[in-house]
Amino acid sequence: MMHDFLIIGGGIAGLSVGAELAALGRVLLLEAEPQLAYHASARSAALYEPRYGLAPVVELSLASEAAFRAMPGLLSPRGLMILARADQDAEFRRDLLGFQLDEVPVETARARVPIINPDRVARAAMADHAWDIDTDRLLQDHQRRIRAGGGQIETRAQVVRVHRLPGGWQVQTAAGAVHEARVLVNAAGPWADRVAAQAGVRPLGLTPYRRSMARIPAPGGQDVSGWPMIFGCGESWYAKPDAGALIVSPAEEHPMDPQDAWADDMVLAEGLARYEDMVTEPVTRLMANWAGLRTFAPDRVLAIGPDLREPAFFWLAGQGGYGFQTSPAAARLAADLLAGRAPQISAPLVTALAPARFG
Ligand SMILES: Cc1cc2nc3c(=O)[nH]c(=O)nc-3n(C[C@H](O)[C@H](O)[C@H](O)COP(=O)(O)OP(=O)(O)OC[C@H]3O[C@@H](n4cnc5c(N)ncnc54)[C@H](O)[C@@H]3O)c2cc1C
């Protein structure tokens with residue numbers, strides 16, 4: 001059967017665009033792993049902080065808010081806090097501007113997060129505009145919409161060969177299944193450039209960067225549920241309440257080949273030491289650790305649109321550290337472009353996101 005849209009990748013990118021495309025035609029989504037959302041999409045901090053990233057990313061995140069709000073309870077208040085040492089003035093000022101935060105006395109920050117060490121933290125800033133995203137619910141909802149629209153989702157379906165046909169594409173999976181579609185949507189996350197190369201399409205120069213995470217018990221047995229997401233200024237580490245515990249990340253960006261990433265012990269230890277330096281409670285135990293790949297285009301802006309030379313090859317890649325928070329507007333833009341509809345976002349933003357910018 002000739003499908004209209006064959007999506008490669010069952011993370012948030014593939015599932016969100018699948019949900020939009022199921023209303024437009026026959027969708028087949030192929031995911032290599034036994035589970036959907038196994039890679040980056042299972043390892044995120046699940047935050048919606050629309051002021052995070054470069055201007056086009058911020059615009060896309062802001063354009064996503066209405067769709068999130070249309071699902072009552074999907075976002076829940078978290079808030080944001082930045083902490084700086086006395087020698088971090090320049091970075092602190094940059095963060096204040098970038099995240100649009102208000103500086104507050106350290107004592108005010110301590111009233112919210114009592115483990116802040118006043119001997120180490122010289123300046124603090126806070127904002128309300130950050131929310132937890134219920135990512136499980138979002139992913140489930142997209143799967144339901146794909147199936148309700150008659151679309152198919154197949155796991156254990158790694159695409160290993162891609163052939164151009166006169167009216168579309170033929171792909172073969174590692175298990176030997178063959179599928180055909182009019183349009184190929186590349187939502188393969190860290191593997192997106194490899195999928196392009198398989199299809200004879202020029203890669204964009206995407207780079208996956210590892211970011212590690214540790215889960216630690218609530219410091220001092222405190223109730224952390226109302227704490228904000230806390231960043232060491234200049235994104236030198238971050239910590240966030242998570243199901244009664246705290247997740248702490250060294251916030252590293254370590255370039256890697258696409259793979260099932262795992263946390264680097266040394267990087268984790270150094271990151272935890274940066275966190276510990278700013279708080280009064282030592283880390284006594286790790287409950288778990290993991291890592292995920294954040295995949296960036298060379299200019300750190302997402303790539304959404306048809307390939308410049310091969311219009312039936314559609315890119316939805318380079319989501320970096322913003323794949324969940326941009327997903328509603330990104331998927332909607334992809335569907336608008338594939339349907340030939342006028343995009344809902346501004347024309348300059350469409351151009352800023354177009355893969356054609358890489359020539
Ligand atoms: C530690 C960390 C914290 C983060 N925090 C946030 C946050 O707070 N907010 C936010 O918005 N974002 C955050 N992100 C970023 C977000 O997780 C990613 O941008 C997003 O998950 C990327 O989704 P994706 O679908 O593009 O990629 P992935 O989830 O990696 O999915 C790509 C899928 O494609 C499949 N695939 C690849 N090649 C093939 C093939 N040949 N055949 C079939 N399938 C294939 C893979 O198996 C994979 O499942 C974070 C990321 C990390 C690592």
Side-chain angles (χ1 to χ4, degrees), residues 6-18 28-50 52-53 57 60-61 64 68 78 80 130-133 135 138-139 142 153-162 171-175 177 179 184-199 206 208-214 229 238 240 242 247-254 256 258-261 263 271 289-296 302-304 315-328 330-331:
L6 191 152
I7 301 167
I8 302 181
I12 181 62
L15 290 167
S16 55
V17 76
L28 173 63
L29 185 152
L30 300 179
E31 165 55 48
E33 300 290 348
Q35 301 119 267
L36 295 167
Y38 171 81
H39 287 286
S41 300
R43 307 174 194 202
S44 90
L47 192 76
Y48 177 60
E49 164 39 298
Y52 182 43
V57 178
L60 200 62
S61 297
S64 295
F68 284 141
R78 176 54 58 201
L80 193 66
W131 294 264
D132 285 348
I133 307 170
T135 52
L138 194 61
L139 292 162
H142 293 324
I153 299 175
E154 291 191 13
T155 53
R156 299 179 202 273
Q158 183 192 5
V159 173
V160 289
R161 294 179 67 188
V162 182
V171 307
Q172 194 182 327
T173 68
H179 303 284
L184 208 135
V185 179
N186 181 7
W191 290 268
D193 265 354
R194 294 210 176 157
V195 166
Q198 284 175 338
L206 301 166
Y209 293 91
R210 185 196 60 219
R211 178 156 286 191
S212 306
M213 196 87 93
M229 172 105 163
Y238 65 74
K240 181 176 185 270
D242 183 60
I247 53 174
V248 182
S249 174
E252 87 273 27
E253 287 201 351
H254 186 91
M256 321 254 311
Q259 61 186 274
D260 192 353
N289 69 70
W290 65 93
L293 299 179
R294 301 156 83 242
T295 301
F296 287 93
L302 289 80
I304 306 172
W315 291 91
L316 182 56
Q319 284 83 354
Y322 330 103
F324 277 100
Q325 64 177 34
T326 55
S327 60

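Because the structure is a prediction, the values reported are computed rather than measured. First listed ligand is number 1; within each ligand, the first listed atom is number 1.
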Of the choices [options], which has the non-hydrogen atom that lies closest to [atom]?
{"atom": "atom 29 (O) of ligand 1", "options": "Ser44, Ser41, Gly189", "value": "Ser41"}
{"atom": "atom 46 (C) of ligand 1", "options": "Glu33, Glu31, Glu49", "value": "Glu31"}
{"atom": "atom 37 (C) of ligand 1", "options": "Ala174, Ala188, Ala192", "value": "Ala188"}

Verify, without hydrogens or angle tests, whether Thr135 (side chain) and Ala46 (backbone) share a donor-acceptor contact under 3.5 angstrom.
no
Test item: Ser249 side-chain N/O and Ser212 main-chain N/O as donor-acceptor pair under 3.5 Å
yes
Note: Trp191 and Gln259 closest approach over all heavy atoms is CZ2-N, 3.7 Å
Note the single closest protein heavy atom to atom 18 (C) of ligand 1, along with its residue, its atom name and the distance in Å.
Gly320 O, 3.6 Å
Where does the angle between the aromatic ring planes of Tyr48 and Trp131 fall among parallel (under 30°), tilted (30 to 60°) and perpendicular (over 60°)?
tilted
Note: Trp191, heavy atoms under 4.0 Å from ligand 1, region reported as side chain
So the atoms of ligand 1 within less than 4.0 Å of a heavy atom of Gly321 turn out to be 6 (C), 9 (N), 10 (C), 11 (O), 12 (N), 13 (C), 14 (N), 15 (C)
If you count the atoms of ligand 1 from 1 in the order shown, which ones are under 4.0 Å from a heavy atom of Pro190?
30 (O)
Residues Gln319 and Thr326: side-chain donor-acceptor under 3.5 angstrom:
no
